[in-house]
Visitor: 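First the structure, then my questions, so here it is.
Note: hydrogens, waters and symmetry copies are ignored here, and every other heavy atom, side chains too, is used. All chains are named by letter (A, B, ...) in the order of the sequence lines, taking the proteins before the strands, and each is independently numbered beginning at 1.
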Amino acid sequence: MIRSRDAGSLRAADAGATVTLAGWVARRRDHGGVIFVDLRDGSGVAQVVFREEVPAAHALRNEFCVAVTGEVRRRPEGNDNPELPTGQIEVIAASLTVLSESAPLPLPVDDHVEAGDDIRLRYRYLDLRRAGPAAALRLRSQANQIARRVLHAHDFVEIETPTLTRSTPEGARDFLVPVRLQPGTWYALPQSPQLFKQLLMVGGMERYYQLARCYRDEDSRADRQPEFTQLDVEMSFVGEDDVMALGEEIVGALWRDLAGHEIPSPLPRITWHEALERYGSDKPDLRFGCELVDLTDYLRGTTFRVFAGAIESGGYVGAVVMPGGAAQSRKELDGWQDWAKARGARGLAYVVLDAETGEARGPVAKNLSAEHLAGLADAAGAKPGDAIFFAADEERRTAQELLGAARLEIGRRTKLIDPDAWMFCWVTDAPMFEKVEGVGAQGDGWTAVHHPFTSPTAEWADRFETAPDQALAYAYDIVCNGNEIGGGSIRIHRGDVQKRVFDLLGISPQEAADKFGFLLEAFTFGPPPHGGIAFGWDRVCMLLTGADSIREVIAFPKTGGGYDPLTGAPTPITGQQRAEAGIDGKPKQAAQAPSAAASAPGPA
RNA sequence: GGUCCUGUGGAGCAGUUGGAGUGCUCGCCGCCCUGUCAAGGCGGAGGUCGCGGGUUCAAGUCCCGUCAGGACCGCCA
C-alpha cells in the first residue's frame, strides 16, 4: 500500500506516529512560510502542514493526487478545528510525492457548491469526490449488504438471471438488442426477472433473490431511469402475509440501520379502494391528514351542472379541504385552476369559508342551494378560514386522483408534511383488471393491473369473470411517504385459472403459447404455490439518503433524454456495425416459444 | 406527444422600463504573506449572454423557432 493510514482515521491518540497519507488536495492555504493542505481520501480529511523543508508544496493545486509522509502532531493550543473529526491533529510533512497533477477543474469539488445536473454528470467522477455524492453511493452499498444479510438469514439463494432474453409481461416498451448469430432476431432486455424467478420456483429453489438490473423504455422522471435496480424476491409455499412479513423485515432493517428509525410492526395496511377513497392515490402519503370527502350523496339533487352531471351518470363528487385556504389571493385561487388544467382536468371548483363568519364564498357558492351551502362545512370537515376544493367526474377514480394530487399540493404549500417523518403502509387488495378503451374493431377490453400471472383472491378465484372491474388480486404495494417502494403478488400456479385470466384479457391460447409458452409448460410439471415482491431499489436508497432524485444514488445516471453526458451514449453505429449486428436481416422463421405447439394452456 | 421552469467568462448567481458585456462570490494565472481551516492582501486573464430568426434607432432583456438540462402530464408499477 502506498499509504500507511487513512487520513480520516487520525486522532489525538496518534500523535507522535509517522504516517504516510495518500489522497487529493481538497483545499490549500498558502501563507508563504507555512502551507496548510486539507488532504482528502475515502475516509475523510486531515490537515497537512508544509514548511520550508518541503518547498514543492507551493506548486500544489486543488485535486492534485499526492502522497505525504510526516509525523502526526497534536495541534498547537487554540488551533483545533471542532468541525473536523481529525481537527485535533495535523501531519507535519517531511516529504511530498505528487502522484498525479490535476488540470483546472470544470466544476468545483466543493461540498458548498451545487453544480448543475448536466455538468455534474459530465464529470461524475469529480462529483463523486464530494462528500454528499460519495456518501450516497456508500449508503447504497450498505443497503445492499443489509438486504443480503436479512435474506440469507432466511435461507434465500442469490441467483442471477439473463439480461439477454425475451420480452417480459410488465407492459412497458422493451429495449431490444439485435442478434448477430441470427440476423433479424432480437433479444429484449428484461423489464424485471419476473418469468425467470417463477421458473426458479418451479425449479425448487424455493427462496430466490437478486439485485436485478431492469430496463424499461419509457420517459424518465425524478424517480425513473431507463435502467434501474430491483431487489427481486420470490418464495414458494407462501401466502401474502408471509411475503409482506419478509418485506417488513427488510425495510425494518434498512431504516433501523441506515435512518435510525424503528418502523411499526406490523405496518398498517390499507386496501387499494380505501387508499383511493381517503387519499386519492394508490400510494398514499400518510404524513398528513386532509383526507378526501365523498360528497356525492350530500350534493345529490344539486342544480349545479358540473356536479349534477357527474352524480346523475353514476359518478362521484368529492372534496379536499385546504386549511387556511381562504386567505389565498384571487390570483392564487386562479392559480389552482391552471394547476388543475396542467394535469388534464377541466378545473378545480372551490369554495372559501370566510374566516370571521364562516360564510361560503367563491364562484361555486353561487351555484349551490342555501341548504347545500349551510351544511357544506360540516359535510366536508372544514372550518372558517379554510378553502374547499371539489372534483366531479363520472369516473370515480379520475375525480379522486385529481383530489389526491390537490391534497399533496396542499400538503406542500401549507407545509403540513413533516420532512423528518417516515410513514409506511401496505396497499393491499388491488384490482386485478383495468378497463382499456377499445381500439379499432376491438371493443373495450381488460388489462392486468399488475401482470397476467397475478392470482385472484380466494374470494374471486372462481368468479372474476363475472365482474372484472371489481375482482381483487393478491397484490400488494409497500408505500413510504407517498412513494411506491415495492410491490408484489401471489402468482397463479394453476393452469385452469391462468387460462381463464388469459381468456378475459383477450390473450388467445396461441398468443399465450407464443409469448409465455415456456412458463406455461413449466407450470404443467407440479409448480409450487409461490409469490414475491420487488423493491424499487433506487427509490429505497433515494429515500434513505434524503435525495430528491434516484440519480443521486446511481453511480452513472442518464439524463431525462436517456443520454449519458459522460460517455456520450447512445451513439450512432457504423455501416459495418449495422451489417454485422443483423439488424436488417430477415428472421428464418417466426420466433416462437419452444413449447408453443405442445402446451396451449390447459388444466394443469 | 404535451405543459411549465432554467440557460449570462471555468462553477454558482444578479442584471431594473429595451439604452455600452455591467456586477457579485468562487475558481484560474502572477506577486506578497509562518497558524490557517470556505485563509488573507495586491494585480491580471478569461464572454458568440445556448443557437437561429424577427420586432426596434437600440435586444442578455420583447416575440417566434430550435437545442440542452430540470419538474410534471401522457406513458410507466
Visitor: Nearest to the side chain of Ala115(A), heavy atoms from C-beta on, is which of rA11(B), rC76(B), rA38(B)?
Guide: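 The nucleotide sitting nearest to the side chain is rA11(B).
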
Visitor: Using Watson-Crick or G-U wobble geometry with both distances under 3.5 Å, which nucleotide pairs with rA11(B)?
Guide: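 Because both required distances fall under 3.5 Å, rA11(B) counts as paired with rU25(B).
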
Visitor: What is the distance, rounded to the nearest whole Å, between atom CZ of Arg27(A) and atom P of rC37(B)?
Guide: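 Whole-Å distance recorded here is 11 Å.
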
Visitor: A cation-pi test, strictly: NZ or CZ of Arg412(A) under 6.0 Å from the centre of the six-membered ring of Phe288(A) and no more than 45 degrees from its axis. Yes or no?
Guide: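 The answer is no; the distance or angle limit is not met.
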
Visitor: Whether the side chain of Asp219(A) and the base of rG74(B) hold a donor-acceptor pair under 3.5 Å is what I'd like checked.
Guide: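 Side chain to base: pair present.
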
Visitor: Side chain of Arg343(A): nearest nucleotide among rA38(B), rC72(B), rC37(B)?
Guide: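 Given the options rA38(B), rC72(B), rC37(B), the side chain of Arg343(A) is closest to rC72(B).
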
Visitor: Do Asp219(A) and Arg224(A) sit within salt-bridge range, that is, some charged N less than 4.0 Å from a carboxylate O?
Guide: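 Looking at Arg224(A) together with Asp219(A), the answer is no, because their closest N to O distance does not fall below 4.0 Å.
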
Visitor: Work out how far the P atom of rU61(B) is from that of rC49(B), and round it to whole angstrom.
Guide: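 Those two atoms are separated by 10 Å.
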
Visitor: Which residues in residues 222-231 of chain A have a heavy atom closer than 4.0 Å to any atom of RNA chain B?
Guide: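 Within this stretch, Ala222(A), Arg224(A) sit under 4.0 Å of the strand.
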
Visitor: Using the six-membered ring wherever Trp is involved, compare the ring planes of His451(A) and Phe453(A) and label them parallel, tilted or perpendicular (cut-offs 30° and 60°).
Guide: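 Rings of His451(A) and Phe453(A): tilted, as their planes differ by 30° to 60°.
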
Visitor: Hey, does Arg61(A) reach any base, or is it just sugar-phosphate, or nothing, if we go heavy atoms under 4.0 Å?
Guide: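 Here Arg61(A) touches the backbone only, sparing every base.
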
Visitor: Which listed nucleotide (rU36(B), rG69(B), rC76(B)) is nearest to the side chain of Tyr563(A)?
Guide: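 Between rU36(B), rG69(B), rC76(B), the one nearest the side chain of Tyr563(A) would be rG69(B).
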
